[in-house]
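Just so you know, residue 1 is the first one in the sequence shown, and it goes up from there.
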Amino acid sequence: MFREKRFPLDWEARKPITHYPDEPVEVAGEILEIGPGRGEMLLWLAQQHPEKRFVGIEMTLGRYRRIIRRAERMGLTNIRLIRGNARVAVPRYFKSSTFERIYVLFPDPWPKLRHAHHRLLHVEFLNLLSSLMKDQGELILATDHAPYAAWVAANLTHVPTLINLGTPFSYDSGLIPNPDRTHFEKKWRQEGKEIVFVHAQKKAADQ
């Protein structure tokens, strides 16, 4: 089992975290996307469901600013964005079990062993995400790197509150609802790569 390496995470924790539209005391919502990239799915979902609150965490400044510009052009008021490392921002700002669905779409798989400490969905972080989900809330990972999906599926076996609905993963593209697909999904499919999904669900309190 992968054990988190504290450095460079300690270094990441020293970096400033920025917020849109303002800095909250606590972040909550119904839908969370970690690494929304250009924001195709996050913005589409926010437009389709104005009654829900959407949160995106993006590390790249250019992408973060681009999503803000697009959200403002679309007149969306149900989106909150955070620019920073999710492993730092989530434990710092997220406290409530409000999320119905969490998306992690096409994260960097960091395939080399010496870079594995950069990977996002290790056991400790999966436990944290589970604590922020409602009962029967869903976690959806999409990746073009099957070994990464297998690593996440193996980590899920150490998270007692989450059930892996795949065997151990699936190829169900319907798990990403935006019919136009994200930039990276289109890119990898055009290159002939197979998209792999891990679909987990939080157990109900009585399970």
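For the residue pair Pro36 and Leu42, the shortest heavy atom distance occurs at CB-CD2, 4.3 Å. Nearest approach of Asn78 to Pro50, heavy atoms of both residues: ND2-CA, 3.5 Å. The two atoms that bring Ala149 and Val196 nearest to each other are CB-CG1, 3.5 Å, heavy atoms only. The two residues Gly84 and Ile57 come nearest to each other via the heavy atoms O-CG2, 3.6 Å.
Applying the side-chain hydrogen bond (donor to acceptor under 3.5 Å, both in side chains) rule to Lys134 yields no partners; only residues at least two apart in sequence or on another chain are considered. Legend: residues meeting ring-ring contact (aromatic ring centres under 6.0 Å, His included) with His49, ordered by chain and number and at least two apart, are absent.
Between Ile163 and the choices His199, Gln136, Lys203, the side-chain contact (heavy atoms from CB on, under 4.5 Å) rule is met once, by Lys203.
With a 4.5 Å cut-off on side-chain heavy atoms, Lys15 and Asn85 do not count as touching. The closest side-chain heavy-atom distance from Leu175 to Tyr103 is not below 4.5 Å. Side-chain contact between Ile34 and Pro107 is absent, with no heavy-atom pair separated by less than 4.5 Å. Proximity of Ile17 to Tyr93: side-chain heavy atoms (C-beta onward) are separated by under 4.5 Å at one or more points. With a 4.5 Å cut-off on side-chain heavy atoms, Tyr20 and Ile67 do not count as touching.
Among residue pairs with one or both ends in residues 23-35, those qualifying as salt bridge (charged side-chain N to carboxylate O under 4.0 Å, His left out) are Glu30-Arg53; sequence neighbours excluded. Pairs passing the salt bridge (charged side-chain N to carboxylate O under 4.0 Å, His left out) check and including a residue from residues 72-84, sequence neighbours excluded, read Asp22-Arg80. Screening residues 60-69 for side-chain hydrogen bond (donor to acceptor under 3.5 Å, both in side chains), with sequence neighbours left out, gives Glu58-Thr60. For the salt bridge (charged side-chain N to carboxylate O under 4.0 Å, His left out) condition, the pairs that include at least one residue of residues 135-158, sequence neighbours left out, are Arg101-Glu138, Asp144-Lys193.
The same ILVMFWY cluster, assembled from side-chain heavy atoms under 4.5 Å apart, contains both Val123 and Phe125. Criterion: ILVMFWY side-chain heavy atoms under 4.5 Å apart, direct or through other members. Under it, Leu45 and Ile68 are part of a common hydrophobic cluster. Note: the hydrophobic cluster containing Leu129 also contains Val88 (ILVMFWY, side chain heavy atoms under 4.5 Å, direct or indirect links).
Judged purely by atom type and a 3.5 angstrom limit, Lys202 has no side-chain atom pairing as donor or acceptor with the backbone of Gly137.
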